[in-house]
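Model, not experiment: these values are computed from the prediction.
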Amino acid sequence: MEHNKKTHLQGITEKALADSVVRLEVWSPVSYHDSVIAFDIDSPTQYPETESIDQPSVKKYRIFERELNYASGFFVEKHLIVTNVHVVRGVASIFAEFVEKQEKCRIDSVEAYDIENDLILLKVDGEGVPLRIGDSTEIKPEDKICAVGYPNGNAEITHGIIDGFRTSNDRIRMRIETTKGSSGCPILNAHGDTIGVDTSGDEVYSYAIPSITLTGLMNKVRESIPLKEWQRLPHIRAFTETKEGDILQNKGEYRKAIVHYDTAIKLQPDMVKAYKRRADARMELGAFGTAIEDLLTLKRLQPVPFRFDNITKYISWKMGWCKTLGKHIFIKLLRFMFGNCGWFRFKAHVKTGFASAEVKRGNNSKARMLYQEAIFDFTVTINLKKTVAGSYNSRGWTKYLLGDLETEEDNKTEAQKLYKEAIIDADAALQFQTTNSKKMAAYFHTRGAAKAALSNHREAIADFDESIRLNPKKALFYQDRANSKYTLGKSEAAEVDFAKAKELDPDFEINRPN
């Protein structure tokens, strides 16, 4: 009996791939070429992805580069397919393809969409066999399911089980290996009924939009709108900008991401996700004040009304509001106490510390970003008050640390540039500070470390000598002088310094040069 069920389901899924599930060929714009090409007006098809610039006897066009990605979709009516909104946002062109038949359909229009639930109904110029929609309210954990789609552009039937529901956004949580290209594919139960639409995944689970949500969208009053016109709607552009920001933020390019979130918020001032993600990016950059302002706006945009049947959620929302407001007041107080100069310097020191921690974790890309942000904040500090020696030295030391990171990444030219800039900053610090011996010792050490990194060990030793004369209790100074001596072949003198460093700090980790 079980064998007959499997055979029956296999037949349904294979038929679905042939007649109902389409591969979406999605072309996304990447960048424009600066050059303009010209060709005969009678043969424009040789450059299909172009923009017309003028209309002489020989037309001129500007070509743009495209990136091809794949996704999935399936027929819910004879001329209507469903897929995810994130699949079609911001695309240059898109086609629905019956792979087995080698037939392509053009997307005519958007019939209905639900941004919050990531669903869109598209009218196509071809005809398919609608899949039977099941009842997602009846699914249970451990129910067997299968996904029918085009992961990585290849036709595939993938089996798995239901794990449960993610209550935060009413998604079906699945243990099934869907991947890029599966977005928009149908999730079938053991009877071959569609109980969900695949939408996303993480390292453990895949997620699907329940079929009851799809049914609700299909029952809405429809209003056809051409795809390109739909993409130009302000709230759709805001959605696209937010997604672009998310992509950049996931790469660690927080400043670029914020530009997209800014645009999204201008297009749609109540765009909740844009505020949330901009706050995340600003937190990563250490811009705590503006991040908290975004979170406060977010709380105002998502009020929870007081009702007795909603008391727990209301209390949680109110406590979150108070906590965010408290952080906002605390940061305002810090800025008031430190002043602008002190505030930027404080942020810079915090970022340098976080960056060093990321280096230890092996997350060099994030460490690089944090070092660069710290250098930027130290520069702001210096511009606000040009005579603070400590700001110059701190910026120089951060440049030295970033230089070490670039050296590790084999970016020798960039590393040497940073080391030279560190020496300039240390020189400036020494120029402004002539009385505090411990501070001067730190400045000589920064300069000596940068010189040693540039293989100028004799001058580095002279700076380390000054550091030790001014502050003979610092283990790090002895170790760095020992390393330079060791490199110059003075191993006995180096061992004396190594021993002194250990004597001053028994927990100090000695690092001899290779």
Side-chain angles (χ1 to χ4, degrees), residues 349 352-353 355-356 359-360 367 371 374-375 378 382 388-514:
H349 281 296
T352 300
S356 297
V359 170
K360 290 179 181 178
Y371 280 137
I375 291 166
F378 280 129
I382 290 167
V388 179
S391 297
Y392 286 98
N393 184 67
S394 296
R395 185 175 71 175
W397 183 247
T398 305
K399 287 177 178 178
Y400 166 76
L401 294 174
L402 180 55
D404 280 353
L405 181 70
E406 297 296 354
T407 299
E408 183 184 333
E409 296 280 312
D410 205 27
N411 299 325
K412 188 176 179 181
T413 302
E414 181 62 22
Q416 288 186 334
K417 174 176 172 287
L418 287 162
Y419 293 140
K420 289 174 183 176
E421 289 178 1
I423 292 171
I424 293 170
D425 278 342
D427 285 339
L430 287 165
Q431 177 187 343
F432 289 116
Q433 176 62 255
T434 57
T435 56
N436 189 309
S437 59
K438 283 192 175 181
K439 288 182 178 179
M440 287 186 68
Y443 306 163
F444 275 113
H445 174 258
T446 296
R447 192 171 71 176
K451 287 177 178 178
L454 290 168
S455 299
N456 191 353
H457 292 286
R458 294 189 187 281
E459 289 189 19
I461 289 172
D463 279 335
F464 295 142
D465 287 344
E466 279 299 299
S467 295
I468 291 168
R469 183 183 67 80
L470 292 163
N471 183 9
K473 301 295 184 183
K474 190 79 171 178
L476 178 63
F477 298 166
Y478 289 94
Q479 175 188 264
D480 285 354
R481 186 173 70 173
N483 284 337
S484 284
K485 288 177 177 179
Y486 203 95
T487 303
L488 292 174
K490 300 177 180 180
S491 55
E492 289 185 11
E495 290 300 332
V496 172
D497 277 347
F498 283 137
K500 184 64 177 178
K502 203 69 177 173
E503 177 191 325
L504 289 169
D505 184 358
D507 296 326
F508 192 81
E509 186 178 343
I510 300 296
N511 294 312
R512 288 176 170 80
N514 295 326

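Not counting sequence neighbours, the partners of Arg481 by the salt bridge (Lys or Arg N to Asp or Glu O under 4.0 Å) test are Asp465, Asp497. Residues passing the ring-ring contact (aromatic ring centres under 6.0 Å, His included) test with Tyr400 are Trp397, Tyr419, sequence neighbours excluded. Partners of Asp480 by side-chain hydrogen bond (donor to acceptor under 3.5 Å, both in side chains), not counting sequence neighbours, listed by chain and number: His445.
Pairing each heavy atom of Phe378 with each of Ser391, the nearest pair is CD2-O, 4.2 Å. Scanning both residues, Ser484 and Ala460, for their nearest heavy atoms gives OG-CB, 4.0 Å. For the residue pair Ala355 and Ala367, the shortest heavy atom distance occurs at O-CB, 3.5 Å. Closest approach of Thr398 to Ala374, counting heavy atoms only: CG2-CB, 4.1 Å. For Ala450 against Ala422, the heavy-atom pair with the smallest separation is CB-CB, 4.0 Å. The minimum heavy-atom distance between Ala441 and Asn471, with the atom names listed, is CB-CB, 3.7 Å.
Taken from OH in Tyr478 to CD1 in Ile468, the straight-line distance is 5.0 Å, to the nearest 0.5 Å. Atom CZ in Phe498 sits 10.0 Å away from atom OG in Ser491 (nearest 0.5 Å). Note that the CG atom of Leu470 and the OH atom of Tyr443 stand 11.5 Å from one another [nearest 0.5 Å]. Rounding to the nearest 0.5 Å gives a distance of 9.0 Å between CG of Asp404 and CD of Glu408. Taken from NZ in Lys490 to CD1 in Ile461, the straight-line distance is 5.0 Å, to the nearest 0.5 Å. Here NZ of Lys500 is found 14.0 Å from CZ of Phe477. Values are rounded to the nearest 0.5 Å.
The side-chain heavy atoms of Tyr392 and Ile424, taken from C-beta on, include no pair separated by under 4.5 Å. You'll find the side chain of Leu402 reaches within 4.5 Å of the side chain of Ile375, heavy atoms only. Side-chain contact between Val359 and Leu401 is absent, with no heavy atoms from C-beta onward closer than 4.5 Å. Residues Lys399 and Tyr371 are not in side-chain contact: their nearest non-hydrogen atoms beyond the backbone lie 4.5 Å or more apart. Residues Ile423 and Lys451 form a side-chain contact, since some pair of their non-hydrogen atoms from C-beta on lies under 4.5 Å apart.
Partner of Asp463 under the salt bridge (charged side-chain N to carboxylate O under 4.0 Å, His left out) criterion, chosen from Arg447, Arg458, Arg469: Arg447.
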May I have the step-by-step check of side-chain contact (heavy atoms from CB on, under 4.5 Å) for Leu418 and Glu414, ending in yes or no?
CA-CA 6 Å; Leu418 287 162; Glu414 181 62 22; 4.0 Å; yes
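By the neighbour-count criterion of 12 heavy atoms within 6.0 Å, atom NZ of Lys474 is sparsely surrounded, having that number or fewer from other residues, nucleotides or ligands. Residue Lys502 qualifies as enclosed at atom NZ: its count of foreign heavy atoms under 6.0 Å is above 12.
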